[in-house]
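Have a look at the structure below before the remarks.
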Amino acid sequence: LASAADQLRDDVLAVFDCDVPHAVERALAACRADLRQLGPVAVSVVVDRDPSGAVEPATVWPDELAQVLCDLTRNALEAMRGAREPRLELRVSWLPRGVAIRVTDSGRGLPRERWEAIFAGGGTGLPNARATLAFYRGSLGVEWSEPGLGTTMLVELARRRTSRMRPVKLVPGPAGRPRAARVAGG
């Protein structure tokens with residue numbers, strides 16, 4: 001039964017192909033007003049080349065990834081309020097079986113003992129972002145943080161797996177979201 005459930009999840013996730021650099025750009029566009037409020041911020045987007053040369057999409061709903069990245073960007077901007085030289089970097093790096101997105105700021109930073117606590121309470125943003133990514137077999141965590149220097153949040157996502165997937169197509173689903181349907185003979 002577990003194998004059948006895993007296969008069904010793989011089939012469903014196959015339709016959630018996301019162009020990660022595009023999702024990063026969408027997140028920044030959604031946060032433009034927040035960027036303007038903070039004042040001059042050095043913002044950079046870096047997309048590292050995939051060493052294999054083949055850039056496969058990540059397995060995540062593009063709108064949800066853009067929302068997670070927008071939330072992380074807003075958190076970074078909030079952490080940089082009052083910073084003398086606010087800097088924000090979003091970096092996309094390709095991993096052998098996935099993709100990493102790092103959101104780095106020059107804000108207040110966090111002591112190590114608080115790294116996991118930010119996902120447990122207070123607001124709903126980070127716990128929801130982590131849960132959203134976990135649904136897609138992704139993760140969210142603090143990669144680095146130093147009080148007074150800044151923080152790097154790390155999002156990791158799987159790339160589309162093509163080996164065991166059966167063909168699926170999108171059909172209309174509830175609330176205008178597409179859902180997967182198995183292709184006849186697949």
Side-chain angles (χ1 to χ4, degrees), residues 9 13 16 18 20-51 57-159 161:
R9 175 176 234 165
L13 291 178
F16 295 107
C18 178
V20 174
H22 181 69
V24 168
E25 292 295 337
R26 285 183 53 210
L28 282 175
C31 293
R32 285 213 196 287
D34 300 282
L35 284 163
R36 280 193 295 273
Q37 282 183 346
L38 188 61
V41 179
V43 178
S44 62
V45 176
V46 179
V47 179
D48 295 332
R49 290 184 50 105
D50 183 349
T59 304
V60 62
W61 185 260
D63 292 345
E64 288 185 324
L65 178 58
Q67 183 61 54
V68 165
L69 295 175
C70 188
D71 289 346
L72 291 175
T73 299
R74 285 187 173 125
N75 287 351
L77 294 173
E78 181 61 33
M80 291 189 293
R81 288 203 187 281
R84 285 189 292 167
E85 295 181 29
R87 290 180 320 279
L88 175 68
E89 178 182 88
L90 285 85
R91 177 179 289 270
V92 178
S93 303
W94 306 100
L95 307 172
R97 291 195 171 120
V99 60
I101 307 161
R102 289 173 174 84
V103 179
T104 302
D105 67 64
S106 62
R108 292 185 299 271
L110 295 166
R112 183 174 282 280
E113 59 272 9
R114 295 254 317 121
W115 289 13
E116 276 305 308
I118 63 173
F119 296 101
T124 59
L126 290 174
N128 284 347
R130 186 178 254 185
T132 296
L133 295 170
F135 174 79
Y136 296 104
R137 294 187 173 149
S139 64
L140 170 62
V142 178
E143 182 178 51
W144 167 86
S145 191
E146 186 73 33
L149 297 177
T151 300
T152 298
M153 300 298 291
L154 174 63
V155 172
E156 290 184 310
L157 295 163
R159 291 199 212 188
R161 295 188 298 174

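Here, residue 1 is the first one in the sequence, and each next residue gets the next number.
For the 3.5 Å distance criterion, the side chains of Asp71 and Gln67 qualify, holding a donor opposite an acceptor.
Contact of the Glu85 side chain with the Arg87 side chain is registered, since non-hydrogen atoms from C-beta on lie closer than 4.5 Å. Between Arg159 and Pro57 there is no side-chain heavy-atom pair separated by less than 4.5 Å. Between Pro62 and Arg26, some side-chain heavy-atom pair lies under the 4.5 Å cut-off. At a threshold of 4.5 Å between non-hydrogen side-chain atoms, the residues Val60 and Thr132 do not count as touching. No side-chain heavy atom of Trp144 sits under 4.5 Å from any side-chain heavy atom of Leu154. The closest side-chain heavy-atom distance from Val68 to Leu133 is below 4.5 Å. A heavy-atom distance below 4.5 Å is found between the side chains of Asn75 and Leu126.
Across all non-hydrogen atoms, the minimal contact from Cys70 to Ala30 is SG-CB, 3.9 Å. Across all non-hydrogen atoms, the minimal contact from Ser106 to Ala83 is O-CB, 4.0 Å. Contact record, Ala27 with Ala66: CB-O, 3.5 Å, taken as the closest heavy-atom pair. Taking every heavy atom of both residues into account, Cys31 and Arg74 meet most closely at SG-CG, 3.8 Å.
The structure places CG of Leu77 at 4.5 Å from CE of Met80, a figure rounded to the nearest 0.5 Å. Phe135 contributes atom CZ, which lies 11.0 Å from atom CH2 of Trp61 (distance to the nearest 0.5 angstrom). Interatomic distance, CG of Leu38 versus CG of Asp34, reported as 9.5 Å (0.5 Å rounding). Here the straight-line distance linking atom CD of Gln37 with atom CZ of Arg32 works out to 14.5 Å at 0.5 Å rounding. One finds the CD atom of Glu156 at 10.0 Å from the CG atom of Leu140 (value rounded to the nearest 0.5 Å). Here the straight-line distance linking atom OG of Ser145 with atom CD1 of Ile118 works out to 8.0 Å at 0.5 Å rounding.
At distances below 3.5 Å, not a single donor-acceptor pair connects side-chain atoms of Trp94 with backbone N or O atoms of Arg49. Checked by atom type and distance alone, the side chain of Thr104 never pairs as donor or acceptor with a backbone atom of Thr152 at under 3.5 Å.
For residues 95-113, every residue pair satisfying the salt bridge (Lys or Arg N to Asp or Glu O under 4.0 Å) rule, not counting sequence neighbours, is listed here: Arg102-Glu143.
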(message) Under the criterion side chain to side chain contact (heavy atoms under 4.5 Å, CB included), I'd like the reasoning laid out for Val92 against Val99: C-alpha separation, chi angles, the key distance, then a yes or no.
(response) CA-CA 7 Å; Val92 178; Val99 60; 3.6 Å; yes
(request) Check step by step if side chain to side chain contact (heavy atoms under 4.5 Å, CB included) holds for Tyr136 and Leu65. (result) CA-CA 10 Å; Tyr136 296 104; Leu65 178 58; over 6 Å; no
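With Leu69 as the partner, the side-chain contact (heavy atoms from CB on, under 4.5 Å) test is satisfied by one option alone out of Ile101, Val20, Leu28: Ile101.
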